[in-house]
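Taking it in order: structure first as structure tokens, then the write-up.
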Amino acid sequence: MMRHLKNVATLKLDIETCTGCGLCIAVCPHAVFALADSKAHIIDLDACMECGACARNCPVSALSVDSGAGCASGIIKGLLNGSGECCCDKGNGCC
Amino acid sequence: MSTCCCKNNECQPKREAWVIGEIETPAGKVPILGTRLTFHDVLGALKVRFAIGRHTYTVQPGLYAIGKPTAESPVFVSANYKLSFDHLRYALGGTDGWVMVLDTQGINVWCAAGKGTFGTEEIVNRVQQTKLDQVVTHRKLIVPQLGAPGVSAPEVARQCGFSVVYGPVRAEDIPFFLENNFTAIPEMRRVRFALRDRIAVIPVELIIWFKQALILAAVLALLSGFSRDGYSLAHAPHAFGLVFAAWLTGGAIVPMLLPFIPGHAFSLKGVWAGLLLWVMLGSANLMGTAPLIELGWGMLITAIVSFMALNFTGTSTYTSMSGVKKEMKIAIPLQLVAVLCGTVLIVLGGLS
């Protein structure tokens, strides 16, 4: 499995609030979560790409993540234009 | 290839090649989609892989039918990027169902979800606009898993009464998903970045950097012209050749060999690839005639490859924004220093 930098992901799970519905497991593209004892657990934080799917879908807001595109060109453009960090704008390069 | 001639939907959209008929529903006529891809579809897919008309490769948003769907048939949600749409209708061959195409401004599902155009609001609006509640009796939408960053399943249910079921990442796994009681196995929920995926993005990668590489090569060609005997453009082909080699390494070799190059940071992977290129060109005596010039060009090509590799984070499928920001903080200043020093060395080397 390909990995980017360790210990940087901003993903946080409030285990007390979690109801163990499993929706985060269904939406995560990198198998960051697993279900144990009727609760979700973060089992692979370094695999998190901060897409934000889990936090957006969690019905009890037990998850939080500073989500955004992990895209250098997008971040550079965001810094230069002061807006929009995503790289997928119409008419330009990536994705 | 937008199908409507005016913005306010007053006119009738013309029938597209992928529409093979019409089906009558309580909410009006719905076009039926073909599930075979034609030569034009394959050619279109190839063109966008080479960055030709990539941002206008669209289909009309709205409701479509596949096969002979009934009011109980499943509803699949898609983006209006034709490549996404084609993957879906091809995978649905032999199935009866409905396809609800969102307006994602011609962007694929995952990128559009990141921007929010493939999102809760657009789904709710599209459900209302297509009068989906009159077309089907169930209240379930199958949304591609990669749409999840933009879609809140609980919100969609609250706002329009349709519950979201997340399908597999890849459309090709949909038949299995349908047979497996609308459940994807864990393997179908994971995004990979296999060799074939990485090779597929190389042409676009090279094309989007071509202009910048050409400008940089021209500037360096002009700057490498100074010597004690005056100014000459004799070294210009050399400058273009080296920048071209760096562009090819950063845009094709790094993506292809990504998992095999040491390091986690993309910019560091780029450094290794750049240094290797330097050693290879150097051993073939292609790096320049004077030590200063060789050193200058070495720094330049390493910085170019490293910068292109860093930007490949946006194309890759596993980097987080926090991770990219962290590596940028170290990599960008070093790359800038390398470019400046390299350029100065080339000029000095020419003059000495």
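What's counted below: heavy atoms across the whole structure, side chains too, no hydrogens, waters or symmetry copies. Labels below follow one simple rule: chain letters A, B, ... track the order of the sequence lines, proteins then strands, and each chain is numbered from 1.
Annotation: B:F182, atom CZ; neighbour count of heavy atoms from other residues, nucleotides and ligands within 6.0 Å is above 12. The number of heavy atoms from other shown groups lying within 6.0 Å of CZ (B:R49) does not exceed 12. Other residues, nucleotides and ligands place no more than 12 heavy atoms under 6.0 Å from the CD atom of B:E121.
Chain A forms the most heavy-atom pairs under 4.5 Å with one residue out of B:A113, B:A148, B:G147, and that residue is B:A148. Taking chain A as the reference chain and counting heavy-atom pairs below 4.5 Å, the highest number among B:A157, B:A153, B:G323, B:P154 is found for B:G323. Note on A:V65, A:I76, A:D66: by heavy-atom pairs under 4.5 Å with chain B, the leading option is A:I76. Chosen from A:N57, A:V8, A:L5, the residue pairing most often with chain B at heavy-atom distances under 4.5 Å is A:N57. Interface remark: of the candidates A:C51, A:A26, A:A55, A:A31, A:A26 forms the most heavy-atom pairs closer than 4.5 Å to chain B. Of the listed residues (B:K326, B:E327, B:M328, B:H264), the one with the most heavy-atom contacts under 4.5 Å to chain A is B:H264.
Judged by distance alone, the side chain of B:T319 and the main-chain N or O of A:G70 form a donor-acceptor pair under 3.5 Å. A donor-acceptor pair is defined here as one N or O able to donate and one able to accept, closer than 3.5 Å; such a pair exists between the side chain of B:S152 and the backbone of A:R56.
With a 4.5 Å cut-off on non-hydrogen atoms, A:C54 does not touch chain B at all. Heavy atoms of A:C48 lying under 4.5 Å from chain B belong exclusively to its backbone. For B:F312, no part lies near chain A; criterion is any non-hydrogen pair under 4.5 Å. Interface remark: B:I332 contributes side-chain atoms only to the contact with chain A (heavy atom separation under 4.5 Å).
Once rounded to the nearest 0.5 Å, the distance linking CE of A:M2 with OG of B:S316 reads 8.5 Å. Here the OG atom belonging to B:S322 is positioned 3.0 Å from the CD atom belonging to A:E50, to the nearest 0.5 angstrom.
Residues B:M321 and A:I75 approach most closely at CG-CD1, 4.0 Å, considering heavy atoms. Minimum interatomic distance between A:R3 and B:Y318 (heavy atoms only, all atoms of both residues): C-CE1, 3.5 Å. For A:H30 against B:T317, the heavy-atom pair with the smallest separation is NE2-O, 2.8 Å.
Residues from residues 188-196 of chain B that place a non-hydrogen atom less than 4.5 Å from a non-hydrogen atom of chain A comprise B:R189, B:R190, B:V191, B:R192, B:F193, given in numerical order.
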Mind running side-chain hydrogen bond (donor to acceptor under 3.5 Å, both in side chains) on A:S73 and B:N311 for me, showing each step along the way? CA-CA 6 Å; A:S73 334; B:N311 279 280; 2.7 Å; yes
